[in-house]
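Structure, as structure tokens:
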Amino acid sequence: QVQLAESGGGSVQAGGSLILSCRVSVITPRAACVGWFRQAPGKMREGVALIRTDVGSTAVADSAKGRFTITQDNAKNMVSLQLTRLKPEDTAMYYCAFTEGGCYWDLSKFNYWGQGTQVTVSS
């Protein structure tokens, strides 16, 4: 059983910054991926950023490139998403998820999900 818990969400003005944290019960040295996804009301859930926790390689969605950064801290079993230059269209519930093996943008590949943390960006 892998458990994930998100934190760090909140309300911020456009142009501001937030750091979201995902605490994972285990960060294994085996192949594994932690992803950040978001879902706004009335929209489909979409991938934001991915990290291979065993090797440290990352991928960021086009909408977030240059603004969002995904990092890991193995000592704290934590994966963070640094959000900068936030826009109102970034408003959504942000989720982290875990899967063994490689990283994929396909949501169905992820076996475990956190409960989400809300990010609200005002103009």
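Interatomic distance, CG of N111 versus CD of Q1, reported as 11.0 Å (0.5 Å rounding). Note that the OG1 atom of T69 and the CG atom of L81 stand 8.0 Å from one another [nearest 0.5 Å]. For the atom pair OH (Y94) and CZ (F37), the distance works out to 13.0 Å, reported to the nearest 0.5 Å. The distance from the CD1 atom of I51 to the SG atom of C96 is 12.5 Å, given to the nearest 0.5 Å. Distance OG1/T120 to CE/M93: 8.5 Å, rounded to 0.5 Å. In this structure, the separation between CZ on R38 and CE on M44 is 14.0 Å, given to the nearest 0.5 Å.
The distance between the ring centers of F98 and W113 does not fall below 6.0 angstrom. For an aromatic pair to be called close, the ring centres must be under 6.0 Å apart, and F110 with Y104 fails this.
Side-chain contact between V121 and E89: absent, with no pair of heavy atoms (C-beta onward) separated by less than 4.5 Å. Side chains of Y112 and L4 form a contact here, defined as non-hydrogen atoms less than 4.5 Å apart. When side chains are defined from C-beta on, N74 counts as touching Q72, because their heavy atoms get closer than 4.5 Å. A 4.5 Å side-chain heavy-atom check between I70 and V79 finds at least one atom pair inside the cut-off.
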Using residues 17-26 as the side-chain source, report each donor-acceptor pair under 3.5 Å to any protein atom, sequence neighbours left out, with the distance given to one decimal.
{"unit_1": "S25", "atom_1": "OG", "unit_2": "Q3", "atom_2": "N", "d": "3.1"}

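Shortest non-hydrogen contact noted between S7 and T117 is C-OG1, 4.1 Å. Of all non-hydrogen atoms in R67 and L86, the two that sit nearest each other are NH1-CA, 3.9 Å. The shortest non-hydrogen separation linking V48 to A64 is CG1-CB, 4.3 Å. When all heavy atoms of S108 and D106 are compared, the pair lying nearest together is OG-OD1, 2.9 Å. Contact between A14 and S123 at its shortest, heavy atoms only, is CB-CA, 4.3 Å.
For the pair R45 and Y95, the cation-pi criterion (under 6.0 Å, within 45° of the ring axis) is fulfilled.
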For this session: Decide yes or no on salt bridge (charged side-chain N to carboxylate O under 4.0 Å, His left out) for E100 and R30, but give the supporting numbers first.
Result: CA-CA 8 Å; E100 294 183 341; R30 294 173 175 265; over 6 Å; no
For this session: Give the intermediate values and the outcome of salt bridge (charged side-chain N to carboxylate O under 4.0 Å, His left out) for residues D62 and K65.
Result: CA-CA 5 Å; D62 288 343; K65 283 183 178 177; 3.3 Å; yes
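With hydrogens and angles disregarded, no donor-acceptor distance shorter than 3.5 Å links the side chain of Q82 to the backbone of F68.
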